[in-house]
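One structure is given here, and the rest of the page talks about it.
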Amino acid sequence: MITLKEALTKSKEELALFRTELESKAKESGLNAYIGYESSGEGVPILIKDNIQVKDWSVTSASKILQGYIAPYDATAIVNLKANGMMAFGRANMDEFAMGSTTESSYYGPTKNPYGEDRVPGGSSGGSAAAVAAGIAIAALGSDTGGSIRQPAAYCGCVGMKPTYGRVSRYGLAAYASSLDQIGPITQNVEDAAILYDAIKGHDPKDSTSAEFEKEDIANNIDVNRKLTIAVIDNYISEADEEIQKAYADTVKALEAAGHMIVHKNMQNTKYDIATYYILATAEAATNLARFDGIRYGNRAEANNVEELFYKTRSQGFGEEVKRRILLGNFVLSSGYYDAYYLKAQKVRHLVRDEFNAIFKEADLILSPVAPSVAPKIGAVHDPLEMYKSDMYTIAINLAGLPAISLPVAKNDEGMPIGLQLIAKAFNEKTLFDGAASMEKAVNYIK
Ligand code: GLN
């Protein structure tokens, strides 16, 4: 597959032919990574997750409740894509409302991992990552609330980047947990991730949490030779499978050999991150999803009165995982529990951020696993708590609002990709990409 950088040099005619080819290859692949083949704009085709609005396209967040809903406008990330030589092409499968880690909760059925078709591609941006990995998309957009870009990228051997909270406008992104959500790129390599990130980022008055900064050109200024101080979190690693630990140790050696300085640090137990995230994310989700009532968007159930309409539409329209989160979220926000859970979680969130900031006083970047294992088999994760645990390395970064990038470093004995992530200080994407480019070169991952 040609890279995004190469594709940007192709003519309109070449790209049109290319789209037809992509569509037939995607259909033949049987991966269920694409759930639609609409196109909008002109330029290099970029695959779009089903929770980002593209004007006149269906946008359903892979939910039954949004069947039939057509987006009335382009998300700002899409407007920005189109202004930078790219277009929206095709809908990527995902977990319903971006809640999940496997893409199995999609109304359209699970996506398969191209590295092992009995395996999940990760989630929630599983369709985006599987398509890029399988060579049926040049690059894709995903969204990351607690790891949904980085973890599928790691499971599928591609690059996934979560920008600092506030860097990319959330206008036109279906809200899951508004204080954590960010749109970001899933690509074949680090340079393409920088190109796509550069294109979509920027201040947007339509998103009140959007940050006001000069737009810097990162992709053309990546310094692969910059020497950085990289922190490794010693007490994190033992919780990962042995093959992940080995890949981690090898990567640390490769980074040292490339001239980076390694410093050793400890952080609090990841179990606090999981508890904090699943209180805050579900609280926000319960609030955000209250708008889907059968009146304003998508599917409407037959009913005799308004109460029954809400009840039936929501009962029939939401899947099991989404209902679980709405219940949890309403519980932690209810009077009597609000202080004990929600407020406490907000306090822990501050502690998480303080802990990262303390490390960034001595280090430019942090190296961490993305997930404790390689991609599990389809159907293997039954227990929701088991699934939540698999987010232990990614969610703290969203709680702290930091930028991070996941890149493939090795494969296990069965040929399944292993990804690791670099984490940077808020708004320091330049350092993140410099480090990632150097790490990509140092580990020399073979697809
Ligand atoms: N797996 C996490 C969750 O289910 C993260 C999902 C995401 O980043 N959208 O909430």
Side-chain angles (χ1 to χ4, degrees), residues 49-52 61-63 92-106 110-111 120-129 140-156 160-163 165 168 170 173-186 270 273-289 318-329 332 345 349 369-373 375-376 381 383-406 419 421 423:
K49 187 176 179 178
D50 191 31
N51 59 352
I52 302 171
S61 286
S63 181
N93 202 6
M94 60 182 278
D95 278 301
E96 187 181 4
F97 284 106
M99 297 171 187
S101 309
T102 63
T103 311
E104 288 169 290
S105 73
S106 166
T111 294
V120 303
S124 63
S125 313
S128 304
L141 287 186
S143 66
D144 193 310
T145 305
S148 278
I149 288 175
R150 291 162 286 152
Q151 182 256 34
Y155 283 0
C156 293
M161 187 253 176
K162 177 217 167 282
Y165 184 78
V168 177
R170 291 181 299 107
L173 168 70
Y176 161 14
S178 315
S179 78
L180 302 159
D181 301 336
Q182 271 293 286
I183 297 175
I186 296 184
T270 52
D273 299 337
I274 297 172
T276 306
Y277 172 86
Y278 278 97
I279 289 168
L280 297 176
T282 57
E284 293 186 30
T287 312
N288 278 323
L289 269 54
F318 290 133
E320 197 187 327
E321 184 57 33
V322 174
K323 283 181 189 156
R324 181 178 298 118
R325 305 228 182 164
I326 292 173
L327 287 174
L328 254 174
V332 299
R349 185 174 187 175
V370 175
S373 71
V381 191
D383 178 6
L385 288 179
E386 197 54 40
M387 181 175 84
Y388 301 167
K389 231 182 113 186
S390 75
D391 297 327
M392 64 190 195
Y393 293 122
T394 46
I395 50 190
I397 287 108
N398 299 70
L399 289 170
L402 304 174
I405 187 166
S406 153
Q421 62 180 336
I423 308 155

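Order of listing sets the numbers, starting from 1, for every ligand and every atom in it.
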Considering heavy atoms of the protein only, find what lies nearest to [atom] and give residue, atom and distance to 0.1 Å.
atom                   : value
atom 2 (C) of ligand 1 : Asp391 OD2, 3.2 Å
atom 5 (C) of ligand 1 : Tyr277 OH, 3.4 Å
atom 6 (C) of ligand 1 : Ser148 OG, 2.8 Å

Can you tell me how far apart [atom1] ([X]) and [atom2] ([Y]) are? Round to the nearest 0.5 Å.
X      : Y      : atom1 : atom2 : answer
Thr282 : Ile326 : OG1   : CD1   : 10.5 Å
Ser179 : Tyr165 : OG    : OH    : 6.0 Å
Ser61  : Leu173 : OG    : CG    : 8.0 Å

What atoms of ligand 1 come within less than 4.0 Å of a heavy atom belonging to [X]?
X      : value
Tyr278 : 1 (N), 2 (C), 3 (C), 4 (O), 10 (O)
Ala98  : 6 (C), 7 (C), 9 (N)
Ser124 : 9 (N)
Met99  : 4 (O)

Return yes or no for this condition: an N or O of [X] is under 3.5 Å from an N or O of ligand 1.
X      : answer
Tyr176 : yes
Met387 : no
Gly146 : yes
Ser143 : no
Ser101 : yes

Does a donor on one side chain sit under 3.5 Å from an acceptor on the other, for [X] and [Y]?
X      : Y      : value
Ser125 : Lys49  : yes
Tyr176 : Asn51  : no
Glu96  : Ser105 : no

(request) Heavy atoms only: give me the nearest Val332-Ala283 pair and the separation to one decimal. (result)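 So the two residues come closest at CG2-CB, 3.9 Å.
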(request) State if Ala281 counts as touching ligand 1 under the rule of any non-hydrogen atom under 4.0 Å. (result)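 So Ala281 does not count as touching ligand 1.
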(request) Check each heavy atom of Arg325 against ligand 1 and say whether those closer than 4.0 Å belong to the side chain, the backbone, both or neither. (result)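 Answer for Arg325: side chain.
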(request) Please name the residue in the list Asp50, Thr111, Thr103 that meets the side chain to side chain donor-acceptor pair (under 3.5 Å) test with Asn93. (result)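 One option only clears the test, and that one is Thr111.
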(request) Using side chain to side chain donor-acceptor pair (under 3.5 Å) as the criterion, point out the one residue from Gln182, Lys162, Arg349, Arg150 that pairs with Asn398. (result)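 Running side chain to side chain donor-acceptor pair (under 3.5 Å) over Gln182, Lys162, Arg349, Arg150 with Asn398 returns exactly one hit, Arg150.
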